[in-house]
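To start, the structure itself, in structure tokens.
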Amino acid sequence: VLSSSKTGNEGLKERSFKLAQILIFQKEKVLVIGHSLGGLVARLALRNPLAARKVAATVTISTPHEGTPVGDWLLSDQTLPKGAALLAQAFGFKLSDKKYLAELSVASKDRWNTALDHSRHIKNLYSVVAAQNRLELVTSNPLFALGDQVVRASSEIDESRQSDGLVPVDSQMWGECLLFVRKNHGSVLGKDGFSRPSREVLWRQHQRRRLQVGIEGPGIIRIEEAYR
């Protein structure tokens, strides 16, 4: 198992370049699992055909593929509550890291959804979607209840728009949706985030390979051996 996590003040472009270099030199095909920002890093890395050739499958978890209103909110000029800094930290950034927070905004979503992302050398793309209702978020983590409030307030069409406390459900969709879990953006990483039955669902969905989902922190990329 190899891990590639955020180090210092690095944007997604820098991190994806490093991940692509790791993938290119793998001797066997691997599974790439990215949580939150890690999913965007994986998508950028897969645009390199030499890296994509070494990947058997890619799974993103709670990743803002269409951006998140929380990112736009953190960039706004309005006076933000104290919890805003903690929400930024949940993405692995400081509130002052405007350059990197901009990469999460809805305004930046087109960067992750270009024709390059659907080229023929990219195969087996999957997503795991997490969400909790308002009461569950308030009970499990009031900080994510604040993020969920921002998501709902941004929706002009549907005020009941669900999220994991940071990322709307519709933004987490990418490729084939393998699994939906009643977790928030943080608890999906915990030991109870993926129970054995949940992992077995992933295995059945992708029958020729075992997808062992294990994430260790915000934006973590996990690369695992692909079993046939």
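Throughout, numbering of the chain's residues begins at 1 and tracks the sequence. Just the heavy atoms: all of them, side chains too, but no hydrogens, waters or symmetry mates, feed the values below.
- Taken to the nearest 0.5 Å, the CG atom of Leu74 stands 8.5 Å off from the CG atom of Leu166.
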* **Verdict with reasoning, Tyr126 to Asn124, per side-chain contact (heavy atoms from CB on, under 4.5 Å)** => CA-CA 6 Å; Tyr126 305 103; Asn124 301 324; 3.8 Å; yes
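- Within the 4.5 Å cutoff, the side chain of Asp148 has heavy atoms near those of the Arg152 side chain.
- Using a 4.5 Å heavy-atom threshold, the side chains of Leu31 and Val59 count as separate.
- Ser187 contributes a side-chain N or O that, together with a main-chain N or O of Asn184, makes up a donor-acceptor pair within less than 3.5 Å.
- Considering every non-hydrogen atom in both Val138 and Ala145, the closest pair reads CG2-CB, 3.8 Å.
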* To do: Please lay out, stage by stage, how Phe180 and Val128 fare under the test side-chain contact (heavy atoms from CB on, under 4.5 Å).
  => CA-CA 6 Å; Phe180 179 90; Val128 172; over 6 Å; no
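- Taken together through direct or relayed side-chain contacts under 4.5 Å among Ile, Leu, Val, Met, Phe, Trp and Tyr, Trp73 and Val106 form parts of separate hydrophobic clusters.
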* To do: Please step through side-chain contact (heavy atoms from CB on, under 4.5 Å) for the pair Asp164 and Gln132, ending with a clear verdict.
  => CA-CA 6 Å; Asp164 62 0; Gln132 288 185 328; over 6 Å; no
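- Using a 4.5 Å heavy-atom cutoff, the side chains of Leu44 and Phe17 are not in contact.
- In this structure, the side chains of Arg182 and Glu136 come closer than 4.5 Å at one or more pairs of heavy atoms.
- Here the shortest heavy-atom pairing between Leu19 and Ala42 reads CD2-CA, 3.8 Å.
- Taking the side chain as every heavy atom from C-beta outward, Val55 and Leu46 approach each other to under 4.5 Å.
- Between the OG atom in Ser163 and the CD atom in Gln149 there is a gap of 11.0 Å [rounded to 0.5 Å].
- Val41 and Leu125 end up in the same hydrophobic cluster when Ile, Leu, Val, Met, Phe, Trp and Tyr side chains are linked at under 4.5 Å.
- In this structure, His35 contributes its side chain and His185 its backbone to a donor-acceptor pair below 3.5 Å.
- Gln162 places no side-chain N or O within donor-acceptor distance of the main-chain N or O of Pro168, the cut-off being under 3.5 Å.
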* Asked: Going through the checks in order, is the side-chain contact (heavy atoms from CB on, under 4.5 Å) test met by Leu37 and Phe93?
  -> CA-CA 11 Å; Leu37 286 177; Phe93 297 116; 3.0 Å; yes
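- No side-chain N or O of Ser127 forms a donor-acceptor pair with one of Glu176 less than 3.5 Å apart.
- The backbone N or O of Ala45 lies less than 3.5 Å from no partner atom in the side chain of Asn48, so there is not a single donor-acceptor pair.
- Atom NZ of Lys82 is separated from atom CG of Leu143 by 14.0 Å, given to the nearest 0.5 angstrom.
- Residues Ile24 and Lys54 approach most closely at O-NZ, 2.7 Å, considering heavy atoms.
- Within the model, atoms CH2 of Trp174 and CD1 of Ile61 stand 12.0 Å from one another, a figure rounded to the nearest 0.5 Å.
- At least one donor-acceptor pair under 3.5 Å links the side chain of Thr63 to the backbone N or O of Ser36.
- Remark: side-chain polar atoms of Glu103 are not paired, donor with acceptor, to backbone N or O of Lys99 under 3.5 angstrom.
- Taking 4.5 Å as the limit, some side-chain heavy atom of Val181 sits within range of a side-chain heavy atom of Val188.
- Criterion: ILVMFWY side-chain heavy atoms under 4.5 Å apart, direct or through other members. Under it, Val167 and Leu75 are part of a common hydrophobic cluster.
- Looking only at side-chain heavy atoms (C-beta outward), Val32 and Leu23 come within less than 4.5 Å of each other.
- For the pair Ser105 (side chain) and Ala102 (backbone), a donor-acceptor distance under 3.5 Å is present.
- No more than 12 heavy atoms of other residues, nucleotides or ligands sit less than 6.0 Å from atom NZ of Lys13.
- Annotation: side chain of Phe91 is in contact with side chain of Val70 (closest heavy-atom distance under 4.5 Å).
- Taking every heavy atom of both residues into account, Lys29 and Arg53 meet most closely at CE-O, 3.3 Å.
- Hydrophobic clustering keeps Val129 apart from Leu40 (ILVMFWY residues linked when any side-chain heavy atoms are closer than 4.5 Å, directly or through intermediates).
- Checked by atom type and distance alone, the side chain of Ser171 pairs as donor or acceptor with a backbone atom of Glu66 at under 3.5 Å.
- With Thr68 contributing its side chain and Pro64 its backbone, the two residues share no donor-acceptor pair below 3.5 Å.
- Residues Val169 and Leu104 are members of separate hydrophobic clusters, defined by side-chain heavy-atom contacts under 4.5 angstrom among Ile, Leu, Val, Met, Phe, Trp and Tyr.
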